[in-house]
J.: 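Once you've had a glance at the structure underneath, I'll fire off some questions.
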Amino acid sequence: MIDLNTLNPMQREAVASTEGPLLILAGAGSGKTRVLVHRIAYLIGEMNVAPWNILAITFTNKAAAEMRERVDRIVGQGAESVWVSTFHSMCVRILRRYIDNLGYGNSFSIYDTDDQKALMRQILKRLNIDPKKFREKSVLSEISAAKNAMIDEEQYMDDNGGSFPGKIFANCYMEYQKELKKNNALDFDDLLVKTVQLFEKYPQVLEYYQDRFRYIMVDEYQDTNTVQFRLIDLLAKRHRNLCVVGDDDQSIYGFRGADIRNILSFEKAFDGAKVIKLEQNYRSTKSILDAANEVIANNRGRKDKKLWTDNDQGDKVTFELYSNAYEEAEGIAKDVISRKAACQADYSDFAVLYRTNAQSRIVEEKFLQYNIPYRLVGGVNFYQRKEIKDVLAYLKTIANGLDDIAVQRIINVPKRGIGAASVGKIIEFSAANGMSFYRGLQSAQNIMSAGKALNGMKKFVEQIEDFRIRANEISIRDLIEAVLDETGLRDEIRAEGEVEAEARLENIDELENKAVSYANGTDHPTLDGFLEEVALVADIDSMDDSENRAVLMTLHSAKGLEFPYVYMSGMEDGLFPSGMAISDGDPSAIEEERRLCYVGITRAEKKLTLTAATQRMIHGQTMGETVSRFVEEIPENMIEVKDLSGGMSYGSRFGGGYGSERRRYDWEDSDGLPWETPSARGRSTGSGNGFGSRSGFGGGFGFGGGTGFGGAGSGSSSGFGSSYRGTAGLKSVSAAGAAKKGPGGIQKGSAMTKPDHLDYEAGDRVTHIKFGAGTVTAIKDEGRDYEVTVEFDRVGQKKMLAGFAKLKRTEQ
DNA sequence: CGCGACAGAGTTTTT
DNA sequence: CTCTGTCGCG
């Protein structure tokens with residue numbers, strides 16, 4: 001029996017409204033997963049619906065796994081027949097069965113972003129398109145947008161073929177789809193598009209699934225795009241038992257084609273739809289919820305609703321302003337430690353959220369320093385690492401011989417003496433004969449003279465064929481081992497040098513572990529199945545909730561999660577909201593950022609801390625920052641402000657001066673004299689700093705003293721990147737230049753390539769010269785050459801080397 | 001053909 | 001700053 005007494009009246013109604021279209025507007029923390037899980041249980045237990053007639057769609061594998069687990073727990077027997085799946089994996093499952101109808105092979109490859117780029121690069125080259133004017137990335141995003149909007153290549157050509165850039169895009173789109181098909185590959189968008197095409201072209205296939213999925217539930221409906229809408233629409237048409245759950249205030253994937261109108265006009269699209277609102281929040285304190293409501297109230301065109309809670313008032317939301325990103329990160333680290341002790345919390349109760357992945361580095365550094373165990377979600381994807389991609393390319397080649405991108409990736413990895421010229425010959429030959437690259441390799445002896453390259457090709461083909469035979473008999477893990485050993489890949493990695501090789505081999509071990517756990521968790525493990533699981537993982541999927549570690553991730557990744565103590569860092573205009581959103585003429589860009597902010601705020605259960613820095617290094621340059629407008633949208637009485645930035649006053653109601661546009665920071669240097677107020681464009685004369693715009697505050701050189709900013713600036717030339725002299729007579733110099741390996745593991749720097757940055761004078765003591773990954777600790781003048789001692793530190797690789805660098809000084 | 005050096009460009013969020 | 005592509009040399 002399903003116990004609905006633990007649910008509130010609205011939740012209960014949502015659970016019991018099983019027939020017909022239903023829109024559940026579920027605010028953050030209103031227990032929507034709970035409702036969905038109970039609804040599934042109710043369908044099975046009370047309505048006698050067969051479990052295999054139920055489909056629940058989520059956006060990430062993690063969400064799917066979580067739901068699956070909860071359904072299992074509450075339903076018991078039969079629960080495993082419920083389809084709980086992401087859009088993408090559902091589509092793959094369908095396509096593996098039926099895609100041959102569309103002229104693809106059932107062992108198709110799934111192309112990730114890198115594969116797409118590689119393919120597009122080839123196409124641009126072939127079509128003689130200037131890669132400066134049309135970057136593969138922008139062409140691909142144009143194509144992706146078209147696919148998300150359900151515009152196929154022919155339609156696109158009809159619509160845009162007449163205009164100038166349109167025709168180029170159209171040609172690329174055409175060619176791209178042709179190549180994908182030739183390679184028997186689909187990109188992420190294709191997974192959805194091809195499924196829709198399959199359904200539209202083969203009504204009997206559609207009917208099968210319509211009948212199979214009599215009850216359909218879609219989570220995070222506000223993030224669906226047009227293809228996904230179409231897919232759901234098709235599937236639900238027959239039985240019309242479609243329940244979608246979402247929150248228009250949490251729509252944050254517009255850049256991916258998500259169309260907020262799908263949720264806003266659900267009632268129009270599905271006649272007779274019932275709407276239920278869940279507005280009681282069980283997650284956060286009143287303080288947190290109040291702040292969230294205040295911020296989101298600045299958006300227009302929302303569904304009318306207001307979250308409320310019975311929870312305690314709780315601590316006020318805190319805003320902490322630091323003078324730079326290091327202090328910000330340090331402040332967070334210290335706060336984690338003291339709060340953990342004070343509240344007897346676990347590390348896993350803490351989350352640090354940020355707008356961009358690049359922000360994680362500094363936080364990581366400080367957490368390491370303060371011995372806070374953490375888990376980083378996202379960033380450089382495990383599956384994007386070179387060694388992993390190489391191994392996967394072998395597996396793809398073994399599974400799908402038509403995948404040219406995979407074969408070309410590994411044809412000379414490890415080195416087989418097959419260079420670009422030989423590869424070019426094969427490409428030309430195979431294209432002329434309408435065969436795949438791999439087939440071309442098999443016929444290589446017909447077009448190439450005997451030699452190193454030909455031998456390498458022969459051996460490669462032999463090995464692949466051999467692996468193919470064995471692939472059916474041995475485990476995936478063993479297959480990976482065989483590839484590593486027999487191709488010489490492992491030896492080549494080993495030859496790279498200790499530290500590098502160790503890290504790479506560890507990663508490959510990790511991949512093998514994943515292969516083993518895949519095999520253990522599946523009834524009939526296949527190479528295709530493994531590759532597809534690997535292709536469809538999201539960053540967040542790998543997060544293990546049971547680990548006692550703090551979590552670092554982007555705001556996007558945090559959607560759907562909750563933590564007792566949340567830090568939102570980098571609350572600065574230009575960072576969050578992003579500069580792109582600000583400069584975008586369309587105000588809806590800012591609204592999406594605001595929704596993202598709302599998502600972030602509502603992740604917090606007990607305490608929310610917002611942090612910002614008055615200056616931050618971005619792309620190697622120190623930028624002046626202004627406090628995020630979202631912070632300002634929280635009324636004064638709802639937020640506790642701590643200015644830890646060291647003497648700067650800021651902001652209107654936070655006290656202090658106000659800039660002409662929004663707000664401006666002013667501070668004094670150590671002699672007590674105020675800095676000159678700069679123009680909005682940054683400094684034009686002398687020493688002042690001021691913010692006003694992100695392009696403000698010239699100078700890539702951060703600081704004069706040891707800590708923080710605050711050093712004096714004594715007259716400098718105009719413009720950007722001018723010299724800077726700190727109080728202590730020290731200079732901070734930024735220099736670009738590659739480090740070269742010298743004998744005995746000592747690294748030697750090469751001559752400076754950008755001497756214009758070295759405008760110090762003989763006899764100056766110089767600190768903090770950034771030199772590749774190293775830091776200069778001493779400098780000695782030798783005529784016109786400077787000899788500099790450099791410490792190379794690579795935190796990530798636990799590597800510390802000392803060496804010398806010659807810095808050549810040139811006249812300016 | 002392979003390697004190293006160098007110049008230039010790009011920097012939001014992700015299934 | 002960091003990544004990528006290109007170029008020239010051995």
Side-chain angles (χ1 to χ4, degrees), chain A residues 57-64 85-92 110-114 117-118 121 125 131-132 135-138 141 144 148 187-192 220 223-225 227-228 252-258 353-359 361 377-381 384 386 412 415-424 451-453 456 535-541 553-559 570 574-582 584 589 592-593 595-596 599-600 617-622 700 734-741 749-754 770-773:
Chain A
I57 301 176
T58 61
F59 265 77
T60 65
N61 297 300
K62 182 170 192 283
S85 159
T86 65
F87 271 106
H88 293 268
S89 51
M90 173 183 82
C91 288
V92 173
I110 300 169
Y111 275 8
D112 67 14
T113 319
D114 290 336
K117 277 191 198 153
R121 226 180 342 259
K125 211 172 199 173
K132 289 236 162 71
R135 297 183 199 299
E136 63 257 33
K137 217 173 131 189
S138 62
S141 81
S144 175
N148 285 326
D187 64 18
F188 284 130
D189 301 318
D190 274 345
L191 295 176
L192 306 168
E220 308 282 12
D223 285 326
T224 51
N225 59 32
V227 207
Q228 289 163 332
I252 56 173
Y253 282 105
F255 66 93
R256 203 165 77 188
L353 310 181
Y354 36 78
R355 179 68 237 272
T356 67
N357 279 306
Q359 289 166 255
R361 273 256 304 264
V377 175
V380 181
N381 192 322
Q384 281 173 356
K386 181 182 174 300
N412 204 27
K415 307 250 179 329
R416 296 185 176 88
I418 305 168
S422 311
V423 170
K452 209 168 147 197
L536 297 179
V537 288
D539 290 332
I540 194 67
D541 296 339
M553 64 181 139
T554 63
L555 288 151
H556 281 87
S557 294
K559 195 177 68 161
L575 230 203
F576 188 34
S578 74
M580 275 181 155
I582 293 171
D584 194 312
E592 177 148 322
E593 297 279 309
R595 290 193 292 270
L596 187 58
V599 166
M617 279 266 254
I618 291 166
H619 312 316
Q621 245 144 20
T622 305
S734 158
K740 197 158 62 177
K741 261 187 201 149
S750 64
M752 296 308 304
T753 54
K754 286 180 183 165
K770 276 304 204 194
F771 190 87

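To find a chain, count down the sequence lines: A is the first, B the second, and so on, and within it residues start at 1. Side chains are part of it too, since the values below use all heavy atoms of this structure and drop only hydrogens, waters and symmetry mates.
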J.: When you compare the side chain of A/H88 with that of A/I110, does any pair of heavy atoms fall below 4.5 Å?
T.: no
J.: Between B/dT13 atom P and A/L353 atom CG, what is the distance in whole Å?
T.: 14 Å
J.: Any side-chain N or O of A/T113 below 4.0 angstrom from OP1/OP2 of B/dT14?
T.: no
J.: Please list, for nucleotides 6-10 of chain C, all pairs of protein and nucleotide N/O atoms separated by less than 3.5 Å.
T.:
none

J.: Can you identify which nucleotide, out of B/dT15, B/dC3, B/dT14, has its nearest atom closest to the A/H556 side chain?
T.: B/dT14
J.: With a 4.5 Å limit on heavy-atom distance, are the side chains of A/Y253 and A/N225 in contact?
T.: no
J.: With the side chain of A/R135 defined as its heavy atoms from C-beta on, choose the nearest nucleotide among B/dA9, C/dG5, B/dT12.
T.: B/dA9
J.: Distance criterion of 3.5 Å, no angle test: do you see the side chain of A/R355 paired donor-to-acceptor with the base of B/dT12?
T.: yes
J.: For A/G417, which contact category applies under a 4.0 Å heavy-atom criterion: base, sugar-phosphate, or nothing?
T.: sugar-phosphate
J.: Touch check for A/R595, heavy atoms < 4.0 angstrom, all strands: base, sugar-phosphate only, or nothing?
T.: nothing
J.: Evaluate the side-chain proximity of A/T60 to A/K559: yes if any heavy-atom separation is below 4.5 Å, no if none is.
T.: no
J.: Select base, sugar-phosphate, or nothing to describe what A/F59 touches, counting heavy atoms under 4.0 Å on all strands.
T.: sugar-phosphate
J.: Using the P atom as the reference point in each nucleotide, state the distance between B/dT13 and C/dT4 in Å, no decimals.
T.: 15 Å
J.: Please work out if A/K452 contacts a base, only the sugar-phosphate, or nothing of the nucleic acid, heavy-atom cut-off 4.0 Å.
T.: nothing
J.: Mind checking A/Y253 for me? I need base, sugar-phosphate or nothing, with any heavy atom below 4.0 Å counting as a touch.
T.: sugar-phosphate
J.: Round to a whole Å and report the spacing from CD of A/E220 to C1' of B/dT14.
T.: 14 Å
J.: Could you state the NZ-P distance from A/K117 to C/dT4, rounded to the nearest angstrom?
T.: 8 Å
J.: Is A/N412 touching bases, backbone alone, or none of the nucleic acid, heavy atoms closer than 4.0 Å?
T.: sugar-phosphate
J.: For A/S557, answer base if it contacts any base atom (sugar-phosphate contacts may also be present), sugar-phosphate if it contacts only those atoms, and nothing otherwise; contact means non-hydrogen atoms under 4.0 Å.
T.: sugar-phosphate
J.: Using modelled atom types only, decide if a donor and an acceptor are shared between the side chain of A/Y354 and the backbone of A/M553 within a distance under 3.5 Å.
T.: yes
J.: Heavy atoms only, 4.0 Å cut-off, all strands: where does A/R121 land among base, sugar-phosphate and nothing?
T.: sugar-phosphate
J.: Should A/K117 and A/E136 count as an ion pair when the cut-off is N to O under 4.0 Å?
T.: no
J.: Taking A/N148 for the side chain and A/V227 for the main chain, is one N or O donor matched with an acceptor at less than 3.5 Å?
T.: no
